[in-house]
Structure formats: C-alpha cells, structure tokens
Amino acid sequence: MNKKILLFLLIITAVSCKKDNIEPLKPKGKPKREIPTKTTNLSDCYKADIAGNIIELQIQNKAEVTTGTLTYAFSGKEVTQGAFKGKWENNILVANYYYKAKGKSKERQIVFKRINNELLEGYGERKTNSTQFKDVTKIKFNENMPLKKVVCN
C-alpha cells in the first residue's frame, strides 16, 4: 500500500512541476560555458495506443542515470504501473522495471530503442529462472507498437 501511495505522489509531483511564465535570470559578468550532456531532453514522454492496448513511458534523464515511470494497460489484462532505472547507450535504454502485479512486487529488465521520435520495445530470450535478458545485443524490437513522443502532462 505504501508503495502505491509513493508512486502516486511521484506521478503527481512530476505532473505538477511545470515552469510557466518564469523570467530568465540575467547573468552577471561572463556567462559560464555549459557542458553538453549525452541526451538533450531532461524529460520525455512516449505513448502507444493500438486497439485499446496502451503503453505509456515517462523518462527523466539525469547525467548517466535514466529513471521514469512505465504503464502497461493491455485490453483484458491487469494494468501494470511502476518505475524504472537504467541508462542509455547508443540510443538503447536498458533498465530494471519495478512494478506490482497481482499484489506482489516484481522486477524485470526492459529495453527500448530510440529511433527519431519513437521508442521500440525490445524482446528476446531471458536467462533461465530470471527476468533479465540472456544477451542484450540480440534483442529484437517490436515495430508493430511504436511508442510515439508526446507532450508530457
């Protein structure tokens, strides 16, 4: 129950954090040179909705660590919602997804490939008795349900 409340508060906080009508501060003296990061967007949202099957993903990029929330709402199945933590490498996000299903806390590895403004979810062989992929380099990506970049709510 506490994890559901924490997740709910995390989502509400993320949704309510908007920067509207804020005047930029004028720098004093010489401006500092900004160091570019590997990803330019700090927060991105993606969604797939095909025939009532929905996947929603919100990504927070911070230096080398990427976190966010992921929701699966497939027709006729239990909605799964949770958080993930991982990293990007060569436009591929490899992360561990933490969620609840049927009242139990679960974890599994997820992989998404970024192509332009879309994400494709990866699938492949898992290690024996594990939720981790056997070989991340042999992942296949589902082009039938691309997650398209959307405006974050």
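Values in this document were obtained by computation on a predicted structure and should not be read as measured data. These values consider heavy atoms only, across backbone and side chains, with no hydrogens, waters or symmetry-generated copies.
Of the inter-residue distances, the one linking T80 atom OG1 with Y72 atom OH reads 7.5 Å to the nearest 0.5 angstrom. Taken to the nearest 0.5 Å, the CG atom of N91 stands 11.5 Å off from the CG atom of L120. The CG atom of L147 sits 12.0 Å away from atom CG of D44, with the distance rounded to the nearest 0.5 Å. Rounding to the nearest 0.5 Å gives a distance of 7.5 Å between CZ of F133 and CZ of R108. The structure places CD of E107 at 9.5 Å from OH of Y99, a figure rounded to the nearest 0.5 Å. Here CD1 of I55 is found 6.0 Å from CZ of F112. Values are rounded to the nearest 0.5 Å.
Considering only heavy atoms from C-beta on, T69 stays 4.5 Å or farther from Q81 through its side chain. Here the side chains of E56 and C45 are not in contact, with every heavy-atom distance at 4.5 Å or above. With contacts defined as side-chain heavy-atom distances shorter than 4.5 Å, the pair N116/K149 does not qualify.
Linking Ile, Leu, Val, Met, Phe, Trp and Tyr whenever their side-chain heavy atoms come within less than 4.5 Å leaves L57 and V79 in two separate clusters. Side-chain heavy atoms closer than 4.5 Å link hydrophobic residues (I, L, V, M, F, W, Y) into clusters, and following such links, even through other members, never connects V111 to F84. Note: the hydrophobic cluster containing W88 does not contain F141 (ILVMFWY, side chain heavy atoms under 4.5 Å, direct or indirect links).
The two residues I139 and G122 have their closest heavy-atom pair at CG2-CA, 3.4 Å. Listed here is the closest heavy atom pair of N142 and Y123: N-CE2, 3.9 Å. When all heavy atoms of G86 and L93 are compared, the closest pair comes out as C-CD1, 4.3 Å.
Formation of a donor-acceptor pair under 3.5 Å by the E78 side chain with backbone atoms of K102 is found in this model.
Residues forming a side-chain hydrogen bond (donor to acceptor under 3.5 Å, both in side chains) with R126 (at least two apart in sequence, or on another chain): none. In this view, E125 and K134 satisfy the salt bridge (charged side-chain N to carboxylate O under 4.0 Å, His left out) rule, not counting sequence neighbours.
Heavy-atom contacts from other residues, nucleotides or ligands closer than 6.0 Å to CG of D135 number more than 12. For CD of E143, the number of neighbouring non-hydrogen atoms (other residues, nucleotides, ligands) closer than 6.0 Å is 12 at most.
Between the side chains of S75 and N53, no donor-acceptor pair of N or O atoms lies under 3.5 Å.
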* Asked: Given I92 and K113, is the side chain to side chain contact (heavy atoms under 4.5 Å, CB included) satisfied, shown in steps?
  -> CA-CA 4 Å; I92 295 177; K113 182 176 187 176; 4.1 Å; yes

